[in-house]
There are 2 protein chains.
Amino acid sequence: MSILESLHWRYATKRMTGERVPQEKIDIILEAARMAPTSNGIQPFTILVITDKKLMEKIQPIAYNQPQITEASHLLVFAAWDTVTSEKVDYVFDQVIRERNLPADALTDYINQIKGMFSGFTPEEQFNWAAKQTYLAFGVATTAAAIEKIDATPMEGFVNSELDKLLGLREKGLRSVTMLPLGYRDTANDWLANMKKVRRPKEELILELN
Amino acid sequence: MSILESLHWRYATKRMTGERVPQEKIDIILEAARMAPTSNGIQPFTILVITDKKLMEKIQPIAYNQPQITEASHLLVFAAWDTVTSEKVDYVFDQVIRERNLPADALTDYINQIKGMFSGFTPEEQFNWAAKQTYLAFGVATTAAAIEKIDATPMEGFVNSELDKLLGLREKGLRSVTMLPLGYRDTANDWLANMKKVRRPKEELILELN
């Protein structure tokens with residue numbers, strides 16, 4: 001299937017069958033998210049992978065009892081850094097310097113510029129920046145799932161603070177941003193399965209400036 | 001190529017040849033962005049398409065003189081709604097009701113719930129929510145470009161307020177979020193073309209909770 005056929009095939013699956021998604025498909029989706037571009041390559045997020053049904057059952061009420069939470073094979077939680085500190089920036093660029101065999105001071109000016117930018121941000125602005133990068137990777141993961149014919153439900157309908165508490169995310173320096181249940185559509189029981197996909201018209205969404 | 005091969009092939013292209021990208025490739029990338037999922041299907045953004053070299057030259061200093069701005073074939077500007085008003089929400093769902101042939105009042109409770117959520121947001125929070133949806137679509141567009149073997153530079157390094165002014169975005173109820181120059185890599189002159197792609201290790205970025 002072409003990329004457009006895959007994107008037409010996918011939809012925000014409301015009911016899933018519970019069938020297990022093969023590990024190699026999950027690995028492709030996670031690897032796609034890891035390969036996603038982020039600003040300055042900082043990748044300010046962690047993706048949590050949940051398959052434990054008991055944990056899914058605890059998450060369900062936090063997500064307004066949406067059935068996909070427990071009907072999914074795997075539940076991904078995308079969590080962004082709560083702050084972007086100089087230590088975290090150094091940690092990321094130490095790896096870049098190491099892997100590209102650069103002189104230790106090759107990126108000093110560039111790194112200081114990045115640190116300067118973040119030091120001008122409030123902690124909430126730092127988190128918001130990190131959350132935006134997370135949405136970008138989330139878009140890449142959602143596209144990868146569609147290409148691999150795995151159903152998924154891009155989800156921001158849950159109480160972030162409660163999920164953070166349940167999963168101990170703040171202690172890890174993280175805050176939940178989105179969730180992505182992965183599984184197989186239960187066409188017979190999903191009211192959305194056969195609904196027309198609605199998108200704002202091209203003429204309205206895209207503006208040629210010439 | 002598989003999705004992972006495409007994502008390995010792509011990189012944030014620093015120099016482009018200026019060669020023209022065929023219209024059918026541009027259409028695929030724009031259509032992928034249009035098909036991207038967004039929260040409640042609201043698609044709170046506009047994508048501007050720029051091919052006018054004179055306009056690109058005016059944008060370049062706003063983007064710290066990055067050469068891709070003028071070396072690109074097409075320059076996409078992703079701009080998010082500056083606010084999410086009840087009128088805009090109604091406008092979006094009027095289309096859903098029309099295209100799905102639903103009774104006029106079928107979604108009233110759901111729409112009121114959405115409006116209630118946004119009315120609890122400050123204008124800046126409304127814009128931030130819209131910007132996050134824009135990053136999601138931006139991730140989908142970036143993936144589509146890679147799959148179609150079109151080079152691209154995901155870019156947030158520019159002065160948003162100046163770009164907004166130049167393009168008259170605030171008058172359109174929009175604020176610039178990201179840019180995506182599209183074109184072909186100039187391997188001979190691009191310092192990044194043959195550098196190792198660096199990503200945070202899987203063991204660190206992905207956390208299995210079982």
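Here is the naming used below: chain letters follow the sequence lines, and residue numbers restart at 1 for every chain.
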_Stepwise side chain to side chain contact (heavy atoms under 4.5 Å, CB included) test for B:L207 and A:K172_ = CA-CA 11 Å; B:L207 187 60; A:K172 296 184 172 79; 3.7 Å; yes
How long is the straight-line distance from [atom2] of [Y] back to [atom1] of [X], given to the nearest 0.5 Å?
| X | Y | atom1 | atom2 | result |
| --- | --- | --- | --- | --- |
| B:I206 | A:I47 | CD1 | CD1 | 5.0 Å |
| B:T38 | A:Y135 | OG1 | OH | 10.5 Å |
| A:S6 | B:I3 | OG | CD1 | 9.0 Å |

_Option that, when pairs with chain A are counted at under 4.5 Å, heavy atom only, ranks first among B:K132, B:H8, B:H74_ = B:K132
Would you say [atom1] of [X] has more than 12 non-hydrogen atoms from neighbouring residues, nucleotides or ligands within 6.0 angstrom?
| X | atom1 | value |
| --- | --- | --- |
| A:K58 | NZ | no |
| A:N194 | CG | no |
| B:K53 | NZ | yes |
| A:E125 | CD | yes |
| A:K202 | NZ | no |
| B:Y91 | OH | no |

*Stepwise, does the side chain to side chain donor-acceptor pair (under 3.5 Å) test hold for A:K196 with B:N101?*
CA-CA 10 Å; A:K196 182 176 188 297; B:N101 294 311; over 6 Å; no
When heavy-atom pairs shorter than 4.5 Å are enumerated against chain B, which of [options] gives the highest number?
| options | value |
| --- | --- |
| A:K54, A:Q133, A:M117, A:E148 | A:Q133 |
| A:Q43, A:R10, A:E31 | A:Q43 |
| A:D52, A:N128, A:T143 | A:N128 |
| A:V140, A:I147, A:L4 | A:L4 |

Can you say whether [X] sits under 4.5 Å from chain B via the side chain, the backbone, both, or neither, judging by heavy atoms?
| X | value |
| --- | --- |
| A:T142 | side chain |
| A:E156 | side chain |
| A:P37 | both |
| A:L167 | side chain |
| A:F45 | both |
| A:T46 | both |
| A:A36 | backbone |

_Close side-chain approach of B:V49 to A:L209, heavy-atom, < 4.5 Å_ = no
*How about B:V198 and A:V92: do any of their side-chain heavy atoms sit closer than 4.5 Å?*
no
Contacting region of [X] [heavy-atom separation from chain A under 4.5 Å]:
| X | result |
| --- | --- |
| B:L55 | side chain |
| B:E204 | both |
| B:T51 | both |
| B:L205 | both |
| B:R98 | neither |

*Could you pull out the closest heavy-atom pair between A:P201 and B:R34, with the gap in Å?*
CA-NH1, 3.9 Å
*Which heavy atom in B:R200 sits nearest to a heavy atom in A:Q95, and how many Å separate them?*
CA-OE1, 3.6 Å
_Check against side chain to side chain contact (heavy atoms under 4.5 Å, CB included), A:K197 and B:M35_ = CA-CA 9 Å; A:K197 188 186 280 293; B:M35 281 298 123; 3.6 Å; yes
*Kindly indicate, with the supporting measurements, whether the criterion side chain to side chain contact (heavy atoms under 4.5 Å, CB included) is fulfilled by A:R199 and B:E99.*
CA-CA 10 Å; A:R199 289 293 185 272; B:E99 292 201 21; over 6 Å; no
_Criterion side chain to side chain contact (heavy atoms under 4.5 Å, CB included) on A:I50 and B:E208, from CA distance to verdict_ = CA-CA 6 Å; A:I50 297 166; B:E208 301 211 5; over 6 Å; no
